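Have a look at the structure below before the remarks.
Just so it is clear, the structure is predicted and the values come from calculations on it, not from any experiment. Both backbone and side-chain heavy atoms feed into the values below; hydrogens, waters and symmetry mates do not. Both counts, for ligands and for their atoms, begin at 1 and track the order of listing. For the single chain, residues carry numbers from 1 onward in sequence order.
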Amino acid sequence: MSETLFTKIINREIPADIIYEDDLSLAFRDINPQAPVHFLVIPKQAIATINDIAESEREIVGHLYLVAAKLAKSMGFADDGYRTVMNCNEHGGQTVFHLHLHVLAGKPMGWPPYTDKLKV
Ligand code: AMP
C-alpha cells in the first residue's frame with residue numbers, strides 16, 4: 001500500500017503528540033479532537049482498511065484494543081468509560097488509509113454516534 005501520513009508519524013518524519021509506543025503499535029493524540037480525550041492507536045505495520053486485515057494480522061489488531069484499555073487505565077478514564085471507533089472506507093468516514101483505532105473519552109457520548117447523511 002502507499003505510504004500515508006501515519007507512516008511519517010511512525011518514522012518521526014512529521015510531528016505528533018505521541019503518548020505510547022511499543023513494538024507493534026503507536027498511540028498519539030488526534031489533531032482534531034472530537035472529545036476531551038481523543039487519541040489514535042495504530043499498528044506500525046501498514047494495513048489500509050479493516051477490509052485488508054489478513055488472518056495473520058489478527059494479533060496486531062487485537063493488540064490495538066489492549067493498548068487502548070491499558071491507556072484508558074493509566075490515563076484514568078477506564079472506569080468512567082470511553083468509545084473506540086474504527087472507520088472503514090467512504091461510508092465509514094475513513095480519511096487516512098492506515099488502520100487506526102479512535103479512542104474518545106472524557107464526557108458521556110450519545111448514541112447513535114453519527115449524523116445521518118441519508119435517511120435509512
Ligand atoms: P478517519 O477519519 O477515521 O480516517 O480518522 C483520521 C483521523 O486522523 C482524524 O480524526 C484526523 O483528525 C486525524 N489526523 C489527521 N492528521 C493527523 C495528524 N497529523 N496528527 C494527528 N491526527 C491526525
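Of the polar atoms of H102, at least one N or O is found under 3.5 Å from an N or O of ligand 1, judged by distance alone. Between P15 and ligand 1, no pair of N/O atoms sits closer than 3.5 Å. Below 3.5 Å of separation, one finds no N or O of F28 facing any N or O of ligand 1. Considering backbone and side-chain N/O of H38, none are found under 3.5 Å from N/O of ligand 1.
The number of heavy-atom neighbours closer than 6.0 Å to NZ of K70, taken from other residues, nucleotides and ligands shown, is 12 or below.
Heavy atoms of G93 come nearer than 4.0 angstrom to ligand 1 in at least one pair. Ligand 1 does not have D17 within reach: every non-hydrogen atom of the residue lies 4.0 Å or more from it.
A side-chain donor-acceptor contact under 3.5 Å links K44 to the backbone of D22. Judged by distance alone, with hydrogens and angles left aside, the side-chain atoms of H98 form a donor-acceptor pair with the main-chain N or O of P43 at under 3.5 Å. Between the side chain of N89 and the backbone N or O of H91, no donor-acceptor pair lies under 3.5 Å. Side chain of Q94 to backbone of A48: a donor-acceptor contact under 3.5 angstrom is found.
When each atom of ligand 1 is checked for a heavy atom of R29 under 4.0 Å away, the hits are 21 (C). Close approach to F6 involves these atoms of ligand 1, each under 4.0 Å from a residue heavy atom: 8 (O). Interface of H100 with ligand 1, defined as ligand atoms under 4.0 Å from a residue heavy atom, comprises 1 (P), 3 (O), 4 (O), 5 (O), 6 (C).
With L104, L5, N87, N89 as candidates, the residue nearest to atom 16 (N) of ligand 1 on a non-hydrogen basis is L5. Among T95, L101, N32, I31, the residue whose heavy atom sits closest to atom 22 (N) of ligand 1 is I31.
Aromatic ring orientation, F6 versus F28: perpendicular (interplanar angle above 60°, classes split at 30° and 60°). Aromatic ring orientation, F77 versus F39: tilted (interplanar angle from 30° to 60°).
Residues Y82 and D80 bring no donor and acceptor atom of their side chains to less than 3.5 Å of each other.
Ranking protein heavy atoms by distance to atom 9 (C) of ligand 1, first place goes to D30 OD2, 3.3 Å.
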